[in-house]
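One structure is given below, encoded as structure tokens.
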Amino acid sequence: MRKKLIAGNWKMNGGLAANQALVQSLLAGLAALRCDVAICAPAPYLAQLQGLLDHSSIFLGAQDVSAHDSGAYTGEVSVTMLREFGVRYAIVGHSERRQYHGESDVVVAAKAQRALAGGVKPIVCVGETLAEREAGKTEEVVKRQLAAVIHTNGHCISEIVVAYEPVWAIGTGKTASPEQAQQVHAVLRAQLKAASAHPERTLILYGGSMNAANAAQLLAQPDIDGGLIGGASLKAADFLTIIAAAG
Ligand code: PEP
């Protein structure tokens, strides 16, 4: 039985005072946890979050990691730097980075590889656009995206976390139905099985307008091992409800 993971993606939101208030509300509202919980914060706030989450049961995550170790890569943050702030997870290949920053499957795979080598678990995002879904290409797209990561990370592929995030569902309020999500998760699970000695270890999260109202149904699906939560992770009560639904 895989322990579920609920990871909040704050995206480019927050501020010193707002972060403190949000984390305090979360910590005050957390009951005994039966799932893992993480907050993926903007890089400048990792030090603050490291302090706020110290001795808590919430793990710290980043929203990206460089594919390089160090050097002349202005603006990038290395996995070694992330580790210095106690970061356990790093999102890689979020659709917003693929779309606005031109990240290819190859770059995403290299980022996942660098994260794993540096001791940070990559949360690898895959997902189709609306046009791709309507053209019947969902399976082809997510398999291609995951195949690139499997190809580069072969032997340690069971250590990654996968997040299925249909692009049309991110930040739109349109959620994949539990059946639609489960169908894609089963495809990804089969792909991992064919590639890994320990496929049962790999968590496959769902992300895309998961909220307090729909989380329980999505999380009840056999191949949905947790959630990557954007908007709803910025509201303590909603995020706590989702965490409770995972238990
Ligand atoms: C995300 O940013 O990964 C995400 C799933 O966002 P939202 O929950 O707001 O759709």
Side-chain angles (χ1 to χ4, degrees), residues 4-14 18-19 22 26 35-43 45 49 58-65 87-101 103 108 111-112 115 120-130 132-133 138 141-142 145-146 149 160-178 180-182 184-185 188 203-219 221 223-246:
K4 286 189 167 53
L5 168 65
I6 300 297
N9 173 15
W10 284 4
K11 310 198 193 203
M12 199 172 69
N13 293 295
N19 299 346
L22 179 50
L26 286 175
C35 64
D36 285 332
V37 177
I39 292 173
C40 299
Y45 298 131
L49 270 281
I58 300 183
F59 294 111
L60 185 54
Q63 297 176 12
D64 190 21
V65 61
V87 166
R88 180 182 173 108
Y89 297 99
I91 299 171
V92 301
H94 192 281
S95 64
E96 288 153 12
R97 295 214 56 88
R98 292 179 190 261
Q99 189 181 347
Y100 306 134
H101 301 273
E103 288 191 10
V108 173
K111 288 185 169 193
V120 166
K121 262 185 184 291
I123 301 177
V124 177
C125 300
V126 300
E128 80 288 3
T129 63
L130 185 58
E132 288 164 341
R133 173 162 281 267
T138 298
V141 169
V142 298
Q145 291 171 332
L146 184 57
V149 179
I160 70 167
V161 175
V162 177
Y164 169 54
E165 297 212 308
V167 180
W168 49 271
I170 296 179
T172 58
K174 281 186 212 155
T175 316
S177 69
Q180 280 174 323
Q182 167 57 30
V184 179
H185 281 233
L188 296 169
L203 299 182
I204 308 178
L205 315 183
Y206 169 78
S209 298
M210 190 186 270
N211 59 38
N214 62 29
Q217 264 195 309
L218 285 159
L219 293 168
Q221 299 302 308
D223 289 301
I224 299 187
D225 305 318
L228 181 55
I229 326 291
S233 72
L234 296 169
K235 297 174 207 136
D238 291 7
F239 197 49
L240 287 167
T241 303
I242 296 170
I243 292 167

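Every number for a ligand or one of its atoms is a count from 1 in the order of the listing. Source: prediction; values computed, not measured. One is the number of the first residue; the rest follow in order along the sequence.
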Which ligand 1 atoms, with their elements, are less than 4.0 angstrom from a heavy-atom of [X]?
X    : answer
G208 : 5 (C), 10 (O)
S209 : 7 (P), 8 (O), 10 (O)
G171 : 7 (P), 9 (O), 10 (O)
A169 : 10 (O)

Under 3.5 Å between any N/O of G207 and any N/O of ligand 1: does that happen in this structure? no
Counting only heavy atoms closer than 4.0 Å, does ligand 1 sit against the backbone of N9, its side chain, both, or neither? side chain
Heavy-atom pairs closer than 4.0 Å: do any link ligand 1 to the side chain of C125, the backbone, both, or neither? neither
[atom2] on [Y] to [atom1] on [X], rounded to 0.5 Å:
X   : Y   : atom1 : atom2 : result
E96 : K11 : CD    : NZ    : 3.5 Å
R88 : D36 : CZ    : CG    : 6.0 Å
C35 : L5  : SG    : CG    : 7.5 Å

Side-chain contact test, heavy atoms from C-beta onward, threshold under 4.5 Å: evaluate it for K111 versus D64 and give yes or no. yes
Do the side chains of Q182 and Y206 get nearer than 4.5 Å, heavy atoms only? no
Could you tell me whether the side chain of T129 and the main chain of V167 form a donor-acceptor pair under 3.5 Å? no
Heavy-atom nearest neighbour in the protein, as seen from [atom], with distance rounded to 0.1 Å:
atom                   : answer
atom 4 (C) of ligand 1 : G230 N, 3.6 Å
atom 9 (O) of ligand 1 : G231 N, 2.8 Å
atom 3 (O) of ligand 1 : E165 OE2, 2.7 Å
atom 1 (C) of ligand 1 : H94 NE2, 3.3 Å

What side-chain donor-acceptor pairs closer than 3.5 Å can you find for residues 230-246, not counting sequence neighbours?
unit_1 : atom_1 : unit_2 : atom_2 : d
S233   : OG     : I229   : O      : 3.1
S233   : OG     : G230   : O      : 2.7
T241   : OG1    : A237   : O      : 2.8

Look at atom CD of Q217 and say whether more than 12 heavy atoms of other residues, nucleotides or ligands are closer to it than 6.0 Å. no
